[in-house]
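To start, the structure under review is shown below, and the notes come after it.
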Amino acid sequence: MSTRPILFPALATMMLLFAQCAPASTNGQQARSEQSVAIKLMTSLPIVWGEGGSMQDILSGDSKPAPIYRHWQDQYDMEAVDSLEGLKDGSTDIVMLVQPRAMAPADLAELDVWVREGGKAVIMTDPDLIWPSELPLGDPQRPLPSGLLSPLLKHWGLELVSEDDTASSVELEFADYKFATVGVGQFQAIGQKTSDGSVCKFSDPQFIAQCQIGKGYAILVADADFLHDQLWAQDTDWRDHGESDAMRFADALIDQIRNVSKD
């Protein structure tokens, strides 16, 4: 497996695309640690209970959440859910879709309406997930090898595409973050701007899309492999302090979206 760096010279600017809407913050770490940020998470990745975690393991407390999920639990009011029913009750600040399983049409419609009315979403969807698993092919607990959000993305004027060399190990380096992943996808704009004024802006290359959708906002990342802690072996902060640049990057996405004004 080859390793090649991908530099994002425009991403420092990219992370500020919503800056005109966001209030100034003097302490990003403090913003991250506020437990009041209520996040609903949908994912097929085995990060919540560990791979193959049984109900008995869950009930006995022997399940093994992944480091990224434990980190999110420490930082936010994080709830893993199987449905987005009840989004409109006002108790959710951010919806996170991280390589979710096939979503029911009702959930997709609920999310779309919620975002258009002022909701916020962080979406990580990988066209070629290379997530190690000991479960046999076809096991429903295996993470999805390819994102299944095409209906939602198309509705928002986006298409997720994969690179030719999907098995290539890459090193992402931009802003203050540097971490490894396995292959990255890209987003492409399709169609024209919708009648409600929805518009997306992209990093260069188009690994990240930041979109205003009606009155709401979404940040989309064309990768999910970077959340696997096996890829953090070269990160000295992870080895020495238990916090990786991949974690910080995910936190930055959450900070960015939560600080966007709904006005």
Side-chain angles (χ1 to χ4, degrees), residues 32 34-126 129 131 133 135 139-153 155-156 160 211 213 216-221 223-224 226-228 247 250-251 253-258 260 262:
R32 285 211 312 267
E34 292 180 359
Q35 293 286 335
S36 60
V37 184
I39 300 176
K40 278 187 167 56
L41 169 70
M42 294 185 74
T43 183
S44 71
L45 303 183
I47 60 176
V48 179
W49 306 116
E51 182 172 85
S54 66
M55 182 58 66
Q56 182 177 353
D57 292 334
I58 295 170
L59 294 177
S60 66
D62 292 332
S63 60
K64 298 179 180 179
I68 187 63
Y69 188 72
R70 294 198 302 268
H71 173 77
W72 284 341
Q73 286 183 305
D74 289 341
Q75 299 294 320
Y76 313 107
D77 180 9
M78 177 76 71
E79 179 187 7
V81 299
D82 295 321
S83 171
L84 296 180
E85 183 180 0
L87 267 183
K88 295 182 180 180
D89 66 8
S91 62
T92 301
D93 296 314
I94 298 170
V95 169
M96 285 189 70
L97 305 181
V98 181
Q99 199 74 348
R101 301 201 180 279
M103 295 175 63
D107 279 337
L108 291 173
E110 180 109 355
L111 177 61
D112 178 61
V113 171
W114 181 76
V115 171
R116 290 183 185 279
E117 292 180 352
K120 301 174 181 180
V122 175
I123 297 175
M124 301 175 193
T125 179
D126 198 314
L129 189 80
W131 192 281
S133 175
L135 297 175
D139 191 301
Q141 292 192 67
R142 284 180 66 98
L144 291 182
S146 183
L148 295 179
L149 294 175
S150 293
L152 181 66
L153 299 182
H155 193 53
W156 290 353
L160 176 67
C211 303
I213 302 159
Y217 299 89
I219 295 180
L220 301 97
V221 180
D223 186 69
F226 76 93
L227 298 175
H228 200 296
M247 288 176 170
D251 285 340
L253 298 175
I254 294 171
D255 282 350
Q256 187 77 10
I257 201 71
R258 72 177 290 243
V260 177
K262 292 185 180 181

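None of these values were measured; they are calculated from a predicted model. Counting begins at 1 with the first residue of the sequence.
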Taking side chain as C-beta onward, heavy atoms only, is L87 less than 4.5 Å from K40?
-> yes
Does any non-hydrogen side-chain atom of I94 lie less than 4.5 Å from one of Y76?
-> no
Please tell me if the side chains of K88 and V113 come closer than 4.5 Å, counting only heavy atoms from C-beta onward.
-> yes
What are the two closest non-hydrogen atoms of M124 and A250, and how far apart are they?
-> CE-CB, 4.3 Å
Are W114 and L84 side-chain neighbours, meaning at least one heavy-atom pair lies under 4.5 Å?
-> no
Do you know which two heavy atoms are closest between S83 and D107, and how far apart they sit?
-> OG-OD1, 3.3 Å
All heavy atoms of I47 vs all of Y69, minimum pair found to be O-CB, 3.2 Å
Roughly how far apart are E117 CD and D112 CG, rounded to 0.5 Å?
-> 9.5 Å
What distance separates M103 CE from L152 CG, expressed to the nearest 0.5 Å?
-> 7.0 Å
Before giving the answer on side chain to side chain contact (heavy atoms under 4.5 Å, CB included), spell out for I254 and M96 the whole-Å C-alpha distance, their side-chain angles and the decisive distance to 0.1 Å.
-> CA-CA 9 Å; I254 294 171; M96 285 189 70; 3.9 Å; yes
State, yes or no, whether a side-chain contact exists between D251 and H71 at a heavy-atom distance under 4.5 Å.
-> yes
Taking side chain as C-beta onward, heavy atoms only, is L160 less than 4.5 Å from L220?
-> no
Supply the atom-to-atom distance K120 NZ to Q256 CD, rounded to the nearest 0.5 angstrom.
-> 10.5 Å
For L144, does its backbone N or O pair with a side-chain atom of S44 as donor and acceptor, under 3.5 Å?
-> yes
Give the minimum heavy-atom separation between I213 and A218, together with the two atoms involved.
-> CD1-CB, 3.9 Å
Hey, what do you get for OG1 (T125) to CG (L149), rounding to the nearest 0.5 Å?
-> 4.5 Å
Given V98, V95, L97, the one that forms side chain to side chain contact (heavy atoms under 4.5 Å, CB included) with L41 | V98
Residue list, salt bridge (charged side-chain N to carboxylate O under 4.0 Å, His left out) with D93, at least two apart or on another chain = none
Is any side-chain heavy atom of L148 closer than 4.5 Å to a side-chain heavy atom of R101?
-> no
Take H155 and L108 through the side chain to side chain contact (heavy atoms under 4.5 Å, CB included) test and state the conclusion after the steps.
-> CA-CA 10 Å; H155 193 53; L108 291 173; over 6 Å; no
Which atom pair, heavy atoms only, marks the closest approach of L45 to P143?
-> CD2-CB, 3.7 Å
Non-hydrogen side-chain atoms of Q99 and L227 separated by less than 4.5 Å = no
Heavy-atom pair with the smallest gap, counting every atom of A224 and L129 = CB-CD1, 3.9 Å
